[in-house]
Amino acid sequence: MAVETGRHVVIIGAGVIGLSCARSLLRRGFAVTVLDRGPGDAGRDGCSFGNAGLVTPSHVVPLAAPGMITRGLRWMADPEGPFAIRARLDPGLARWGWLFYRASRPARARAAMPLLLDFSLESRRLFFEWQRELGGFALEPSGLIILYRSAEAEEEEHRLAEAARSLGLEARSLTPQQVRELEPGVELDVRGAVHFPIDCRMDPRDFLNRLARDVEERGGVLRWGDEVEDIAMRNGRVERIYSTGGAVAADELLVAGGAWSGRVARKLGLRLPMQAGKGYSLTLERPSQMPRAALLLCEARVAVTPMGGKLRFGGTMEVGVFDDRVDMRRVRGIVRSVSGYLPGFGSGDFRGCPVWTGLRPCSPDGLPYVGRWPGLQNLSIAAGHAMLGLSLAPATGEMIGAILAGERTAVATELLAPDRYA
C-alpha cells in the first residue's frame, strides 16, 4: 500500500484523530511530523484519553438533532444537569448557536444518518484490523445497552431504534427483566432498554499509547509541548509552521487540533465554526458491581464503560468552555444520576475518585470537518467529531490518507466539507 511520495505532512494535534491520520499517511509513504500543545504522554490531557471508550455505530443521529434545543433548555434549568452553555459576549458562540439551530431540522438529520452509519461501520471494521496490527489492544464487541426510566425516554428510544433498524442495524427493545438477564451482576432500576449488539468498548489510553508508538516506529516525529504560534503562507500554500519548538516546513498541513482547530484556522484567515464541549469522567478502580456491556443512562446522558477491572462513568456537555476547571455541580449530577439507574452505586463509591475533564470539538451540525480546504492548495482539516472522536478515528485517518494520496475514499465526503460554513 505504501507509495513513496516524498511529501512532508505536518499535523497539528496528537489526539486520536491526529495520530490515526499520521498512521494512515505513514503507511502511504508520506513523511509526518505531529505537533501537540500537550505533554508527552499520548492523550493524557486531551479529550482522547478520558472519554467513555465507546465504538458506536448505533449513534447514527447527529448531535444537532430535532428536539435537542428543547431538551437542552430543559437541562439547563438544572445546575447539575447534563447540558449547559457558558454564556458570554462572543460572536463566534452566537454564530455557532444559530448554525446549530438551523442544522437541527429533521431533513438535515435524516440526510446525516446514513453517512454516520457508513462512517462508523468502516471505522469499526478498521478497529479490528488495527487491533491485529497494533499488538492486540483490548476491543470488546460487548454491545451497548441504553437504559431509560421514563415514558418519554421510552418513546424516544424506541423511535430511534426503529430508525436504526431501517438503516440495517440490529436494535433490540428490552423489558426490565430482559435487561437483568443480560446484566445479572448489576442492580437496576429502569423502565426498559434498547440493546445495540454491534457496539464495542475499549480503554482509550491503551489504544492511544499503542497508536503513538506505532507512529514513531513507522518514522513519524511526535513533538509534544509544542504549540503553534504562527503559520506562513505564500501564493495560496502553507509553507512553514512556527511553534514554540521551532519552525518546520510543510508540503501539506493537516489541522487535527480538536477543540482548538477553529483557533488554528483563524491563523490562516479562515472561519471554522467550532465550540468546545466540556465533558467529565470518573473511573472506579475497584467497583462493587461490573456490567458485562457498556451502558448509556438515557435521560442523564451518562455512559458507563467497563475497562478491564475498572469502571468509567462519563457525561455532561458544557458548550463554550475553553478551560480545564472542574465544576463540581456537573460531577454531582453524574453521581446522582448513576444511583438512580444503578442503585448499587452511591455517592460513597465515588468519594476521593479523581475527576477527569476534557474538551470535545463540536461543529454546529454534529458532523466532523474532514477533507481539503478549497482554495488552499495544501491544507486539510480533520476535526469536529464531538463525542464520536474515538469511534470515528480509524476511518477518519484512512479518509485523510486517501485524500492526500489521490485515492478514492471508502465513505462519501460531501457532507463533511470543511468549508461548508465558510
Side-chain angles (χ1 to χ4, degrees), residues 51-52 54-75 82-83 96-97 99-124 143-148 150 152-174 192-200 275 277 279 294-303 314-317 319 360-370 384-393 395-396 411-412 414-416 420:
N51 63 56
L54 299 178
V55 179
T56 52
S58 64
H59 283 38
V60 295
V61 178
L63 182 63
M68 183 57 71
I69 291 177
T70 301
R71 287 194 294 274
L73 292 173
R74 187 168 65 242
W75 286 329
F83 178 79
W96 185 94
L99 294 172
F100 184 97
Y101 168 75
R102 292 180 58 189
S104 61
R105 297 171 181 172
R108 188 76 174 263
R110 285 195 299 270
M113 287 170 64
L115 166 67
L116 281 175
L117 179 58
D118 290 346
F119 207 164
S120 294
L121 290 176
E122 173 65 7
S123 210
R124 185 184 187 275
L144 175 70
I145 301 175
I146 302 178
L147 305 173
Y148 53 79
S150 67
E152 180 185 4
E154 178 179 33
E155 180 181 350
E156 179 186 5
E157 290 307 317
H158 285 193
R159 184 173 63 251
L160 294 176
E162 183 56 39
R165 283 191 286 266
S166 72
L167 295 172
L169 278 179
E170 182 182 357
R172 299 171 53 210
S173 296
L174 304 176
V194 174
H195 181 212
F196 289 94
I198 195 171
D199 287 6
C200 306
Q275 287 296 319
L295 310 175
L296 183 62
L297 314 184
C298 175
E299 295 94 332
R301 296 302 195 264
V302 171
T316 77
M317 174 72 82
V319 175
R360 308 180 188 99
C362 300
S363 72
D365 58 9
L367 297 177
Y369 303 109
V370 183
H385 294 70
M387 294 173 287
L388 298 177
L390 176 69
S391 189
L392 298 178
T396 300
V411 178
E414 288 79 6
L415 293 179
L416 308 177
R420 60 186 183 268

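Residues M113 and P62 come closest through the heavy atom pair CG-CD, 4.4 Å. Of all non-hydrogen atoms in P57 and S120, the two that sit nearest each other are CA-CB, 3.6 Å. Taking each heavy atom of R172 and E170 in turn, the nearest pair found is CD-OE2, 3.7 Å. Taking all atoms of both residues into account, the shortest heavy-atom contact from G315 to R360 is O-NH2, 3.9 Å. For the residue pair R301 and C298, the shortest heavy atom distance occurs at NH1-O, 2.5 Å. When all heavy atoms of A153 and E299 are compared, the closest pair comes out as CB-OE2, 3.2 Å.
The CD atom of E157 lies 11.0 Å from the CD atom of E152; values are rounded to the nearest 0.5 Å. For the atom pair L388 CG and L116 CG, the distance stands at 6.5 Å (nearest 0.5 Å).
With 3.5 Å as the limit, one finds a donor-acceptor pair spanning the side chains of T396 and H385.
Contact annotation: the side chain of P368 approaches that of L416 to within less than 4.5 Å [non-hydrogen atoms, C-beta and beyond]. Using a 4.5 Å heavy-atom cutoff, the side chains of R420 and D365 are in contact. The shortest distance between side-chain heavy atoms of F196 and T56 does not fall below 4.5 Å. At a threshold of 4.5 Å between non-hydrogen side-chain atoms, the residues D199 and L54 do not count as touching. Using a 4.5 Å heavy-atom threshold, the side chains of H59 and S391 count as separate. Within the 4.5 Å cutoff, side-chain heavy atoms of L167 are placed close to those of P114.
Using a 4.0 Å cut-off between a side-chain N of Lys or Arg and a carboxylate O of Asp or Glu, R165 and E162 qualify as a salt bridge.
Between the side chain of S166 and the main chain of A163, a donor-acceptor pair closer than 3.5 Å is present. Listed for the S123 side chain is a donor-acceptor partner under 3.5 Å among the backbone atoms of A395.
With sequence neighbours excluded, the residues that form a side-chain contact (heavy atoms from CB on, under 4.5 Å) with V319 are F83, I85, L93, W96, Q275, M317.
Between F119 and the options L392, L415, V60, a side chain to side chain contact (heavy atoms under 4.5 Å, CB included) holds for only L392.
The aromatic ring centroids of H158 and Y148 lie less than 6.0 Å from each other.
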